[in-house]
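Contents: one structure, followed by commentary.
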2 protein chains.
Amino acid sequence: MSATNTGVPAPLDTTLPSPVPSEEHEHCPVTDILRRIGDKWTVLVIVLLGQRPHRFNELHQGIEAISQRMLTRTLRGLQEDGLVHREVFATVPPSVEYSLTPLGNTLLTPLSALATWAIENQPAIAASRHANSLPGQNS
Amino acid sequence: MSATNTGVPAPLDTTLPSPVPSEEHEHCPVTDILRRIGDKWTVLVIVLLGQRPHRFNELHQGIEAISQRMLTRTLRGLQEDGLVHREVFATVPPSVEYSLTPLGNTLLTPLSALATWAIENQPAIAASRHANSLPGQNS
DNA sequence: CTGGATCCGAAATGATACTG
DNA sequence: CAGTATCATTTCGGATCCAG
């Protein structure tokens, strides 16, 4: 049933295209993208690569808390989706340079919007989270 | 594999784990938000609630593929962060209405930007993902 | 220097039964 | 109707070893 809209226009200043296809067979691409960039390190890698191309060890040292395995997995995932370009230089020792593809570069725009929102509202979220986690001792 | 539990007491999976068990390293709020909305169902719930308030079963039937457990956990997480408001009506039978808070409503703006990007570039991503997964005879 | 392979624990998710 | 409790499965993430 796609006609769930009973003539009630959403009074929102943001026009959501229609990210809910209401089809259990097909999942919306929004969820798909969120599942891709919603992991622990993907966004950090994208942001770093958005500044300039990095080599493997540059990324590894730039994030510092990521393991080699997760860095490789993250880059492979981004590369598979066409967001990151991998170029191997047959030097000695070998070096691999990672960079954002044009497609990956366009992701920086909506990602920065979300980042701005997160930074702006992080105190409010932290406050609400902390308040709801505590038992109501005062009232 | 087999049940080789080393006497681990059954953890209560319905209780939300402590957000910060100890003096964990402080990570950027962007990653924090991505970890929150990057799960499997949170965005769908936010979008549905962005259209209009929904009751529990409305959300459950609107998504259809989510289990009661995950719907409850998703709503609890959003409620804890102050993005979703929960109002109980002491009727018979009881009904609970969920709606976006003003803070949660502001999330729709950057989320719609990301949704638009995802819908726009979903074909390109799917094509790249499919091409790289195949043993294609490229170059 | 890059990164694949393997093992392990933790967390997320799903299915189901039960309850006020 | 709106959850909660429990269990099983999958996925995620880290540590380590090993290879080109």
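Because only heavy atoms are used, hydrogens play no part in the values below, and waters and symmetry mates are left out as well, while side chains stay in. Chain letters run A, B, ... following the sequence lines, proteins first, then strands; residues in each count from 1.
At D:dG3, one or more side-chain N or O atoms of B:Tyr98 fall inside 4.0 Å of OP1 or OP2 (strictly under the cut-off). For D:dG13, the OP1/OP2 oxygens have a side-chain nitrogen or oxygen of B:Arg35 closer than 4.0 Å. OP1 or OP2 of C:dG3 lies within a sub-4.0 Å distance of a side-chain N or O belonging to A:Arg76. Contact annotation: B:Lys40 side-chain N/O to C:dG14 OP1/OP2 distance is under 4.0 Å. Within the 4.0 Å cut-off from OP1 or OP2 of D:dG3, at least one side-chain nitrogen or oxygen of B:Arg86 is found.
Counted within 6.0 Å of CD on A:Glu97, heavy atoms from surrounding residues, nucleotides or ligands total more than 12; the atom is thus considered enclosed.
At distances below 3.5 Å, not a single donor-acceptor pair connects side-chain atoms of A:His54 with backbone N or O atoms of A:Tyr98. No donor-acceptor pair closer than 3.5 Å links the side chain of A:Ser128 to the backbone N or O of A:Ala124.
Among the heavy atoms of the strands, none lies under 4.0 Å from A:Arg73. B:Phe89 comes within 4.0 angstrom of nothing in the nucleic acid, heavy atoms only.
Position along DNA chain D of the nearest nucleotide to A:Pro94 versus A:Met70 favours A:Met70 as the more 5'-ward residue. Each of B:Asn57 and A:Ala65 has a nearest nucleotide on DNA chain D; the 5'-most of these lies closest to B:Asn57.
Following rounding to the nearest Å, A:Leu75 (CG) and C:dG3 (P) show an atom-to-atom distance of 8 Å. Look at CD on A:Gln68: it is 12 Å from P on D:dT16, rounded to the nearest Å. Note: CG (A:Leu71) to C1' (C:dG4) measures 13 Å, nearest angstrom. As rounded to whole Å, 11 Å separates atom P of C:dG14 from atom CD1 of B:Ile63. A:His54 places its NE2 atom 13 Å from the P atom of C:dT2, with the value rounded to the nearest Å.
Using modelled atom types and a 3.5 Å distance limit, the side chains of A:Thr109 and B:Trp117 yield no donor-acceptor pair.
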